[in-house]
Structures are given as structure tokens and as C-alpha cells.
Amino acid sequence: MAGKNWQAGGRDSVPALALVCLLATAASCGLAWAAPPVSGGLAPSGYFGDLDPNMIWEMLIGGIVVVSFLAAAALWVLSALRRVKRSQLRRSAFVSSALNNLSQGVVMTDARQRIIFSNDRYLEIYGLVRADIPRNMTGPELLEVRRKRGALDVSVDEFYAQAATADGLITELPNGKSVLVKYFRLPNGGSVATHEDCTEQRKLSRKLASTTQFLESVLDNVPVCVAAKNIEDGRYIFANRAFERFSRFSRDHIVGKRADEIFQPETARTIDTADQSALRAPEGYHRTEFEVERGSEKRVLASNRVIARDENNQPEFLIALFDDVTDRRSLSRELESTKKFLELVVDNIPVSLIVERVSDGKYLLANRSAETILNRRREDATGLTAADIFNPREAKLIIARDEAAIKKRGLLTEEHPISTKDGLRLFLTRRMTVLDDAGEPQYLIKTHEDVTDRRQTESRMAHMAYHDGLTDLPNRAAFLQALAQMIEACEGTEEEFAVLCVDLDGLKEVNDVFGHAMGDKVLTEVAQRLQDCARGGVVARLGGDEFGLIIDGKQPSAGIALAEQVAIALAKEFQIDGKPVRAGATTGISVFPHNGSDAAALLANSGAALFRAKAKSRGSISVFEPEMDQQIRDRRVLHQDLSVAIKNGELSLYYQPQATSGPTVASSEVIGFEALARWMHPVRGFVSPGDFIPLAEESGLIVEMGEWILREACREAASWPVPMQIAVNLSPAQFMHGDVVSLVHSILLETGLAPDRLELEITEGVLIEDFDRGLALLRRLKALGVRISMDDFGSGYSSLSYLQAFPFDKIKIDRAFVMHLGRNPQSAAIVRAVIDLGHGLEMSIVAEGVETQEQLGFLSEEGCDAVQGYFIGKPLPIGQYAALVGRNVINSIESTRKTG
């Protein structure tokens with residue numbers, strides 16, 4: 001206490017000293033004025049001319065007083081500025097630490113365009129160091145530095161004009177990378193610019209555009225008229241140049257219209273008849289000739305129609321290839337047209353096709369796909385033999401297989417490797433002998449289909465069916481098979497083995513803090529350490545963060561010993577991407593044959609032992625005991641009871657007040673309530689939300705429960721005479737299952753609650769699972785007029801990026817930070833920084849878990865908008881807060897609040 005008083009005294013000492021000096025000087029002046037003149041003084045009057053000596057002394061002393069006062073005031077101002085600067089530095093350090101972990105580069109400027117922040121990612125993208133950005137450098141100056149280093153390819157004015165658009169500015173760097181820059185003006189006159197590496201997206205976009213342009217160019221240069229239309233509405237979606245020339249209509253006129261909107265009625269009916277014939281054709285292909293009217297003349301078209309089907313084998317598009325054969329009706333021209341069509345078909349067969357003459361072994365025909373096999377253009381291969389094309393060893397094998405097929409005079413199928421320009425590939429080769437009129441072999445038709453990727457895919461799929469995709473460990477199905485084999489081997493003997501269920505501790509925290517990519521790397525490292533501990537034994541990933549092991553030997557000692565080794569191995573720090581990560585293991589053990597005679601029972605019982613170990617403490621080891629079965633059954637019964645409770649209306653809602661942040665409870669005005677579910681079990685009595693809410697989330701009952709809570713809370717709030725806010729929590733499961741937007745809309749209409757009185761509280765889990773979908777749903781909810789609040793802010797890693805992506809109405813500071821106010825300086829700094837951050841983004845701040853006057857006073861002083869906690873009011877039935885909602889005006893608000 002003495003120390004605090006001393007510090008307080010230190011802060012006020014400078015102005016106090018100035019005051020003392022002033023009083024002392026004034027007293028001296030007074031004495032000087034009061035003293036009578038002394039004859040024969042130190043300075044005779046004539047020494048200073050006509051000036052009175054007393055006047056001179058008064059002026060000197062007064063000057064000293066003024067100078068002392070000004071010096072004290074200056075020292076006091078400097079001290080105050082130093083305290084403010086230290087406070088700003090602490091807040092800036094917190095925000096800078098968060099922004100430096102973003103995957104995007106960030107640059108912030110103030111209203112005078114001076115750079116106030118740039119994160120590490122920005123420096124990394126442009127190859128800069130901190131020394132390149134001196135104090136008070138402006139944004140345009142930094143752009144000039146980048147221009148001199150070749151990292152900016154537009155002028156400063158062009159940069160700001162383009163980066164401020166919705167699409168942003170893409171800058172090409174000398175190292176070949178592309179950076180997407182978006183520039184945002186802030187209400188205070190400053191700005192924020194984000195810089196994101198978009199090199200890969202640009203490459204894919206260019207590749208797609210190039211491919212699309214190539215295909216359109218090919219079709220546009222095909223001499224046959226090509227058109228495609230939607231089967232559903234019969235509208236054209238494509239027409240090539242040949243079609244334009246024939247129809248004498250532009251492509252823009254054709255696309256988007258039906259045939260009856262382009263051609264004469266008779267022609268349109270003819271086209272529709274041909275389309276229907278193609279649709280009815282079993283093979284989805286129809287060739288026909290028909291007459292059409294073109295202006296005042298009639299033309300004959302040879303048409304080939306093909307039906308393109310979707311992934312469900314349903315007709316989706318009709319592709320029509322047709323040619324004007326009016327002037328080519330003779331037989332020779334018809335044969336030539338047929339030949340061209342066949343060549344087109346052969347060239348577009350998705351397998352290599354080669355026709356060989358039996359008499360001399362020369363190749364007569366090869367399609368474009370065969371060029372991969374021949375390693376040359378098909379025109380260059382015509383007239384050559386296998387011996388002319390392939391190396392002697394390959395030629396000898398090919399000729400031998402050809403002779404075997406000719407001798408068989410039927411279909412011969414085999415798989416074998418063939419050397420291509422892409423290396424050795426596996427091909428499925430089919431050889432078919434064509435006989436002449438005399439029944440002698442005349443031609444050999446060979447098709448080669450590259451099945452390398454297919455066989456590799458089949459192999460991978462077979463592997464994936466019994467292995468985990470991330471760790472490559474056996475999965476649950478493979479583990480059960482291994483258990484069954486162990487049981488079969490040990491049955492009838494005295495052999496024992498143990499089944500270990502290992503749950504990885506700390507993975508959720510790693511995912512929340514560092515992201516799921518880091519969590520996946522941790523799982524991979526854990527899998528390797530488990531394999532090292534098992535020393536060649538069976539290790540499997542059963543799902544999520546749960547692993548299974550099998551160990552033989554004397555039980556349960558061998559199983560416990562392995563579990564202890566696993567705990568030691570996983571306790572060692574992981575180094576993932578240069579970051580230290582810690583994890584642990586909780587283990588459940590079951591023993592064959594004492595705890596089960598089949599694989600499913602052994603695995604289930606080891607899971608029951610794991611459940612007991614988790615309940616005991618994280619990192620513990622538990623061996624299965626028969627009474628554990630009862631615990632599992634109790635949990636299942638509680639789940640069934642919860643399902644019944646939801647249907648029978650056993651659940652109720654309690655309401656906890658939210659108030660403005662005043663210095664005291666009396667000065668904190670209640671502005672709304674948060675609705676909280678409670679369960680009074682008919683036999684068990686009161687069931688804690690900490691028990692039934694997780695159970696509801698695990699089982700999926702939270703969706704049905706959440707709908708009831710939302711409807712009941714809105715119905716109750718709509719009946720209050722005082723129109724206060726009502727806050728309701730939404731579970732991530734409600735976003736994943738069903739249409740939450742339609743549900744909220746229908747409940748608002750049903751209950752008559754004004755949308756702006758409803759506040760939906762979400763956690764970042766809503767956005768972690770599927771960011772784009774979650775963001776879209778939040779925007780649709782916002783469009784209904786309801787308020788969106790981020791709950792438990794600060795407990796996760798990605799909250800800042802979510803604040804940037806979506807304009808939340810409110811941020812709720814997690815109770816973990818509030819509860820340590822007054823005891824932990826870091827918690828105070830974090831809360832202060834969150835308040836400043838929220839206000840900078842024009843979002844109101846609510847602090848949860850307020851339980852002391854000290855916490856309330858701190859939050860009020862720091863400008864927190866609202867508070868919630870037991871110090872303000874406990875969750876109670878709304879009847880206990882009747883006066884606050886305007887139902888009972890007799891009791892005072894203060895007495896009502898005391899009931900909480």
C-alpha cells in the first residue's frame with residue numbers, strides 16, 4: 001500500500017513542487033514589500049539610476065518563480081506523455097503480434113499517409129527488411145522504394161486507384177510471383193492494404209483461359225457446322241463460324257434462342273423432329289438428312305446428332321454436326337462425306353487405333369491417339385512396319401504378339417508396358433483379326449488404352465479402403481481385421497494380448513491456435529512415434545485424434561508398459577514448421593480373453609477404459625473393469641432421456657441480464673438478456689448444462705434443441721412491454737444441418753419479434769468448418785435485420801480474419817480474460833486491446849464473466865460497452881426479472897436485481 005501511495009505521490013510531485021515554489025516566492029516578495037528601507041543598504045539608490053532597489057529585487061524573484069513554474073509544468077507534461085506512450089506500446093504489441101501471424105501482407109497508414117504498421121508477411125513478399133521502412137515514411141515513399149527494386153509495375157496514382165477497386169490490383173514481381181493488393185480507406189482517414197500471393201491462382205486462370213480459347217478455336221475452324229443446345233429448354237448455347245455462314249445469322253443472334261425463334265416454322269419443326277429422334281435413339285446418336293429453308297431457297301443438310309449426358313447418365317446437351325450436301329448428292333460425294341466422318345470418329349476415339357496389313361505387316365491407318373504409342377506423327381507411320389518404328393527388342397515382342405493374334409483369328413487382350421515420350425506406361429492392348437471373303441486374315445486391328453493411371457488409382461483406392469489418408473496407418477476396419485486375426489491365433493491357447501485405445505491430448509488447442517494444417521502435421525508425427533514405440537506391432541488411426549495399438553505378452557503389465565512408453569514419447573516437444581508444440585496421451589486398455597472374445601467387444605471395452613481415463617485426468621492410463629460398462633450405459637440412458645426431455649418439454653430457459661458498463665452495479669443499466677437452457681430431470685433432478693450440452697452436440701440433438709431455444713426465447717421476448725434485446729447462442733451444428741436462415745425468418749414471423757431485437761451469438765467454429773458457406777449464411781442472417789455477435793472472442797486463433805471478413809455487431813470478450821483482471825497484467829492488456837480493436841471496427845464490446853467490483857470498475861474505465869456475469873445478475877427464470885422487462889412496476893429494479 002505504501003508503494004502505491006509513493007507512486008501516486010510521484011505522479012503528483014511535479015505540480016506540487018511548482019506550487020510550493022510559487023508560495024515561497026510570494027512570501028519572500030511580501031517580506032520585501034513589508035520591510036522598511038534601510039539607510040546605508042548594500043546598493044545605494046543612485047547605483048541603479050532612478051529605479052527603486054526594492055522593485056528590482058521583486059522583478060528578479062518574480063522571474064525565478066515564473067521559470068520554476070514553467071519547468072515544473074513541462075516535467076509534468078513529459079511524464080504524462082511517457083505514460084500514454086507506454087500504454088499505446090502495450091496495445092500495439094498485442095495487435096502487431098496477431099497481425100504478424102496472418103498469411104496476407106498488411107500495411108496500415110494514418111490520416112497523413114504515414115506508415116504505422118507493416119507485418120512480417122508483407123516484408124517477406126517483397127523481399128524487404130524493417131530497415132527499409134524508417135519512421136514516418138509515407139505510403140507513396142514506400143511504393144517508390146518498391147519501384148526502384150522492380151517490385152512495382154505501375155505508378156503511385158495507378159496503384160491507389162486500382163487497389164481501391166473491388167477487384168484490387170495484381171502486381172507482377174521480378175521473381176515471377178503475382179500479388180493481389182486491396183486498399184481500404186478507414187473512417188479516421190487512414191488506410192489498410194492487404195497483399196496476398198496469388199501466383200498459383202493466376203497460373204490456373206491462364207491455363208483455363210488458354211484451354212478454352214484453344215477448344216473454341218478448334219471448333220470455329222472445323223468446316224462442319226457445329227451447334228449445341230440445352231435439352232431442357234432447347235436453346236442454343238454454342239454455334240461455330242460454319243453455322244454462322246450457313247444460317248447467315250450472327251452467333252450472338254443464335255445463342256440463347258430456340259430453333260423456332262431463328263428459322264421458319266417448317267424448318268424449326270424439322271429440326272425439332274431430328275432432335276427428338278436423337279433423344280429416342282438407344283445409343284444417343286442419330287444421323288439424318290433433311291431439308292431446311294434458308295431465305296427463299298431450300299437446302300439439304302446431312303446431320304449427325306449426339307446426346308451428351310451428365311454424371312447421372314441423364315441427357316443434358318444435344319450436339320449437332322451438319323453439313324450442306326445440296327450440291328453433293330451423288331454417290332461418290334456421299335461416300336467421301338462418310339469417309340471424312342469416319343476419319344473424324346476414328347480420330348476422336350479416346351484410345352489408340354492402328355490397322356496393320358497382315359500380308360506385309362505395314363501400318364495402313366493410325367489415329368491421333370496412336371501417336372503416343374508410335375512416338376511420331378501418324379502420317380509418318382503409315383507404310384512402316386513394327387521393325388521400322390520400334391527398337392529391336394520391343395519390335396520382336398510386338399511382332400510375336402501380332403502373330404499370336406493372327407493365328408487365333410479372334411480377340412486377344414493383354415496388359416503390358418510400352419515406352420512412350422512420357423516414360424514407361426501400362427497399356428491395355430486388344431488385337432482383332434479381320435478376315436477377307438476367303439476367310440483368310442487380311443487386317444489386324446489393334447487398340448491400345450493407357451491404363452496406368454487407372455491401375456494406380458485402383459491400387460490407391462484398395463489401399464485407402466484400409467488405411468488412413470493422412471497418416472497412412474491402418475484404419476478402424478483394418479484394425480478390427482487385425483484384432484480378429486489375433487483372436488483366431490490365440491484362441492484355445494493361454495496367449496494374451498492387450499488392445500490400447502490412445503487419445504491424443506491437446507490436438508484441439510493446436511488446431512485452434514495454429515490451424516488444422518498444423519494439426520495434421522502433428523498427427524503425422526504422432527503416428528511415427530507410435531510406430532516407433534510399437535516396434536513393428538499393429539498401430540492404427542481409429543478416427544480423429546484416437547489411435548489403436550495391439551501388444552502381446554503378459555497382461556495387463558505389457559499393455560501398461562507400452563502405454564507408459566507412448567506417454568513418454570508423445571510428451572516430448574514437437575517441432576512443426578519451427579514452432580514448438582506439445583501434446584500428451586490418455587490411454588484405455590482391454591485384455592483378451594478376459595475383457596472380450598471378439599474384436600468389436602475388445603475395442604469397445606478399451607474405449608470404455610479410455611472414457612474412464614479421460615474422466616479421471618488427462619494423461620492417465622486406465623485398464624478396463626466390468627463396472628465401466630455401466631457408465632457407458634448410463635451415458636446412453638442420459639442421451640435417450642435428453643431426447644425425451646426435448647419432446648416432453650422438460651427443458652426451460654433461464655435469462656441472464658446484460659447491462660451497460662457503469663462504475664457500479666447501481667449505475668449499470670440492464671439493456672438485454674441472454675437465453676440459457678436448463679434441464680430439470682424427473683429422476684436425476686437438475687442436470688448441469690456442462691453435462692447435457694456436450695452430449696447434445698455429440699449426438700446431433702443440439703439442432704432440435706437449438707430450434708426450441710430460439711423459438712421459446714423469441715416468443716418470450718416478444719411479450720415484454722419493455723423492448724429489450726434477447727441474445728441466443730447458435731451451435732455450429734445448426735449451420736451444418738438444415739437451413740438456419742429460413743428457420744430464423746420463420747420464427748421471427750411466427751413470434752412477431754422485431755428482427756433488430758434478436759442477437760445471434762456464434763463462435764468461430766461456425767466459420768472454421770466451412771468458411772465460405774458460414775460467411776454466406778451470416779450475411780443472409782444479417783440481411784434479415786438481426787444482430788450478429790461473436791462469442792468467446794480471443795479463445796481461438798482466426799478471430800481477426802473473421803472480423804475483417806464479416807461486420808459483426810458485437811464482440812463478446814471470453815470470460816477467461818475477464819476473470820484474471822486485477823491479478824494478471826497480460827489479461828488487462830488483452831482486454832484493453834480488444835476494446836480498442838472493436839471500437840476501431842465500430843463494433844460494441846461485451847465482457848462476460850464479470851464477478852467483482854474491481855472487474856466492473858476496470859471495464860467501465862476502459863470504455864467497455866456492456867457487461868454480463870454473476871455480479872450483474874445470475875441466470876434465472878424471467879419472472880425473477882419481471883420489473884426489468886416491464887411486467888411488474890411495483891418492485892424496484894434494484895430489488896429485482898438483488899435476486900440474482
Side-chain angles (χ1 to χ4, degrees), residues 460-486 498-512 515-531 533-534 537-551 559 562-563 566-567 569-570 574 581 583-590 596 598-615 618-619 621-622 624 628 631-632 635-636 639 694-702 732-733 736-737 765 768-770:
R460 283 195 299 269
M461 291 178 65
H463 181 81
M464 288 169 58
Y466 290 97
H467 287 78
D468 175 52
L470 176 64
T471 63
D472 203 38
L473 289 176
N475 59 14
R476 180 180 290 270
F479 189 71
L480 288 171
Q481 281 189 356
L483 270 179
Q485 292 170 0
M486 284 288 290
V499 179
L500 279 67
C501 238
V502 179
D503 187 77
L504 183 62
D505 301 334
L507 182 63
K508 182 180 184 300
E509 288 75 10
V510 173
N511 286 334
D512 290 344
H516 287 268
M518 177 73 82
D520 289 346
K521 292 179 181 179
V522 171
L523 285 171
T524 304
E525 290 290 332
V526 167
Q528 184 59 52
R529 292 189 186 184
L530 290 178
Q531 287 178 303
C533 292
V538 178
V539 181
R541 185 184 179 198
L542 303 179
D545 54 1
E546 191 173 334
F547 295 84
L549 294 87
I550 302 174
I551 180 71
L562 178 58
V566 166
L570 297 187
F574 295 88
V581 177
T586 305
T587 306
I589 303 173
S590 65
D598 61 82
L602 284 170
L603 187 56
N605 289 338
S606 65
L610 175 62
F611 183 78
R612 168 66 68 86
K614 287 181 181 178
R618 284 288 179 178
I621 300 170
S622 179
F624 177 79
M628 293 181 183
Q631 294 177 352
I632 294 177
R635 186 171 176 82
R636 290 172 181 162
H639 170 256
L695 186 63
E697 289 178 339
E698 291 172 11
S699 61
L701 288 173
I702 193 67
M736 296 172 61
H737 305 285
I768 286 175
E769 295 297 331
D770 188 340

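Start at 1 with the first residue, then count along the sequence.
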I'd like to check the side chain to side chain donor-acceptor pair (under 3.5 Å) partners of Gln528; sequence neighbours left out, ordered by chain and number.
Asp532

Minimum side-chain heavy-atom gap Gln531-Leu473 below 4.5 Å:
yes

Set of residues satisfying side chain to side chain donor-acceptor pair (under 3.5 Å) with respect to Asp520, sequence neighbours excluded
none

Distance-minimising heavy-atom pair for Leu523 and Gly544:
CD2-O, 4.0 Å

Quick one: CG on Leu603 to OG on Ser590, what's the gap to the nearest 0.5 Å?
7.5 Å

Would a 4.5 Å heavy-atom cut-off, applied to side chains only, mark Phe624 and Arg612 as touching?
no

Report yes if some heavy atom in the side chain of Lys521 is under 4.5 Å from a heavy atom in the side chain of Val581; otherwise report no.
no

Could you check if a side-chain atom of Leu610 sits within less than 4.5 angstrom of a side-chain atom of Thr587, using non-hydrogen atoms only?
no

Examine Arg541 relative to Phe479 and say whether NZ or CZ is less than 6.0 Å from the centre of the six-membered ring and inside a 45° cone about the ring axis.
no

Heavy-atom side-chain contact between Phe574 and Arg529 under 4.5 Å:
yes

Using 0.5 Å steps for rounding, measure from the OG atom of Ser606 to the CD1 atom of Ile550.
10.0 Å

Quick one: closest heavy-atom pair of Pro474 and His467, and the distance?
N-CD2, 3.9 Å

Of all heavy-atom pairs linking Val539 and Ala534, the shortest is CG2-CB, 3.4 Å

With Thr586, which residues qualify under side chain to side chain donor-acceptor pair (under 3.5 Å), at least two apart?
Asp505

Any side-chain heavy-atom pair of Leu542 and Arg476 under 4.5 Å
yes

N/O donor-acceptor pair under 3.5 Å between Thr471 side chain and Ala527 backbone:
no

Partner set under side chain to side chain contact (heavy atoms under 4.5 Å, CB included) for Ala600, not counting sequence neighbours:
Asp598

Rounded distance (nearest 0.5 Å) linking atom CG of Asp468 with atom CG of Asp472
8.0 Å

Please examine the side chains of Leu500 and Leu562, heavy atoms only from C-beta on, and report whether any two atoms are closer than 4.5 Å.
yes

Val566 versus Ala585, closest heavy-atom pair with distance
CG1-CB, 4.2 Å

Using the side chain to side chain contact (heavy atoms under 4.5 Å, CB included) criterion, which residues pair with Ala733? Sequence neighbours excluded.
Ile702, Val703, Ser731, His737

Holding to side chain to side chain donor-acceptor pair (under 3.5 Å), I want the full list of residues that pass it with Asp503, two or more places apart in sequence or in another chain.
Lys614, Arg618

With a 4.5 Å heavy-atom cut-off, do Val526 and Val502 have their side chains touching?
no

Which atoms form the tightest heavy-atom contact between Ile621 and Ala563, and what is the distance?
CD1-CB, 3.6 Å

CG-SG distance between Leu549 and Cys533, expressed to the nearest 0.5 angstrom
8.5 Å

